[in-house]
Amino acid sequence: MPRVLLLPSEGVDAETARLRAAIRSRLRARETAPVAGHVALLLRQGLLLRRAVRDAEVVHAIGTAALAAAIMGGARRTVFQPVAMPTRRLTHWLRAIGRHRDLRVVASSDAARRRLVTGGVPADRCTLIRPGVDLGALPVRRDDALRAALGFAADDVVMLAPLEEPHTSGRAMAFWATSLLNVLDPRYKLLLTRGGVAHPADDLRERLIDSSACVVADLRQFPVEKLFAGSDYVLLPATGPVSMSTVAMAMASGRPVIATATPQICELLEDRHTALLVGELSPRLLAQRVLDAAGDPQQSAKIADRARSEVYELLTQAKAVELYRQLYDLAARS
């Protein structure tokens, strides 16, 4: 096993933090303090990390700030893990770095890998490693104490929308679908998360027929993996690229998932097998899918069980750590 240095950027999600902990524990990797993304600090951090970076055989940089620090620190071999869908600018930067450095890039989805490869990153330098879920951190049983702390009644039907991406999470669609459902039955409630990212759709909360039908949970107080236990359904109304880690956690939560059929979502979810999918970006159809799930609880339970079984088979944290071990070995031999 080569000497590996984990170099994270600030602000990565909790699931990535758990993956780092597993890599440290199982692969005996070292880890530095998170790298700040401010341009004025990058050069200084890169210089301070120079000795640790050069002592490592492989540097695993998580996020663009960490990659910049690794390059400035003189890393010989770098594994780069983006924390979001790669942009065109990032792809061009990676292509330029790859001409002069030994760089391997991790893609969390086929869609991300296609974007990297079509942007010029060599296919043999781009590895698909889907997110690994820490199943022990995801309680499956309903937590009534948590629901009460969030302000929900025992008979409320709570729909958790955990996606955090500002422009692709589909929050507006979740708002309007909740408004429709709330007219039919006031027990339908929406649970949103807030992790410090501004969402253009958040002001729609005031337009709900019953504003109490929407509760926003602060992720600093209620970690997202715990919020699944306070919900009855999970809504993933994505309109574009989103966190595949969140999708995998939704599958592992033991709750029926209702999602839009984007190319990225469809890599993990199959309609009426592991989720109920909506073919259009329509609040009405999203609300109808929730009613379909509520109307056939036996079928919904089967869908949720199949989704969790697929996570056990394909998306466990142990599997992700093993794939990273293989990638580190490959990088060290190059």
Side-chain angles (χ1 to χ4, degrees), residues 13-19 21-23 25-26 106-113 127-143 146 157-163 191 193 223-238 242-279 286 289-326:
D13 61 83
E15 193 63 30
T16 301
R18 279 193 291 273
L19 175 63
I23 291 174
S25 172
R26 300 179 191 183
V106 174
S108 63
S109 66
D110 281 319
R113 188 175 186 276
T127 304
L128 173 64
I129 301 181
R130 300 194 189 279
V133 178
D134 180 5
L135 294 169
L138 279 167
V140 178
R141 291 185 179 181
R142 171 169 154 160
D143 188 338
L146 174 63
V157 182
V158 181
M159 303 172 293
L160 171 65
L163 295 175
L191 174 58
T193 59
V224 65
E225 58 270 21
K226 304 298 183 185
L227 290 177
F228 288 103
S231 67
D232 300 294
Y233 302 98
V234 181
L235 301 184
L236 302 175
V242 293
S243 167
M244 296 300 278
S245 176
T246 303
V247 177
M249 282 194 289
M251 294 174 66
S253 68
R255 271 81 186 157
V257 176
I258 297 95
T260 46
T262 64
Q264 197 184 27
I265 290 285
C266 289
E267 290 181 29
L268 295 183
L269 298 175
E270 182 181 349
D271 189 31
R272 298 189 180 279
H273 180 71
T274 53
L276 293 176
L277 297 184
V278 179
L286 184 67
R289 280 304 204 196
V290 174
L291 294 176
D292 292 342
D296 193 346
Q298 187 174 4
Q299 180 66 17
S300 296
K302 289 181 180 178
I303 288 173
D305 287 343
R306 283 194 292 263
R308 188 168 173 84
S309 295
E310 288 205 2
V311 173
Y312 269 112
E313 183 178 355
L314 303 171
L315 300 172
T316 61
Q317 188 183 84
K319 185 175 180 62
V321 170
E322 174 59 22
L323 291 174
Y324 275 107
R325 185 194 65 77
Q326 296 173 14

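- Looking at Asp143, its side chain never comes within 3.5 Å of a backbone N or O of Ala229 through a donor-acceptor pair.
- The distance from atom CZ of Arg272 to atom OG1 of Thr274, rounded to the nearest 0.5 Å, is 12.5 Å.
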Taking distance alone, no hydrogens or angles, what donor-acceptor pairs closer than 3.5 Å link side-chain atoms of residues 127-140 to residues at least two apart or in another chain?
{"from": "Arg130", "atom 1": "NH1", "to": "Glu267", "atom 2": "OE1", "distance (Å)": "2.9"}
{"from": "Arg130", "atom 1": "NH2", "to": "Asp110", "atom 2": "OD2", "distance (Å)": "3.1"}
{"from": "Asp134", "atom 1": "OD1", "to": "Gly136", "atom 2": "N", "distance (Å)": "3.3"}

(message) Test side-chain contact (heavy atoms from CB on, under 4.5 Å) on Glu270 and Arg306; report intermediate values, then the result.
(response) CA-CA 10 Å; Glu270 182 181 349; Arg306 283 194 292 263; over 6 Å; no

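- Between Glu322 and Arg325 there is a salt bridge, with a side-chain nitrogen of the basic residue lying less than 4.0 Å from a carboxylate oxygen of the acidic one.
- Contact annotation: the side chain of Pro162 never approaches that of Leu227 to less than 4.5 Å [non-hydrogen atoms, C-beta and beyond].
- Judged purely by atom type and a 3.5 angstrom limit, Ser231 uses its side chain to pair as donor or acceptor with the backbone of Phe228.
- Look at Asp292 and Arg289 and you find a salt bridge, because one of the NZ, NE, NH1 or NH2 atoms lies within 4.0 Å of a carboxylate O, short of that distance.
- Exactly one of Leu235, Leu286, Leu191 qualifies for a side chain to side chain contact (heavy atoms under 4.5 Å, CB included) with Met159. That residue is Leu235.
- Thr246 places no side-chain N or O within donor-acceptor distance of the main-chain N or O of Leu163, the cut-off being under 3.5 Å.
- With hydrogens and angles disregarded, no donor-acceptor distance shorter than 3.5 Å links the side chain of Thr260 to the backbone of Thr262.
- Between the side chain of Glu225 and the main chain of Met249, no donor-acceptor pair closer than 3.5 Å is present.
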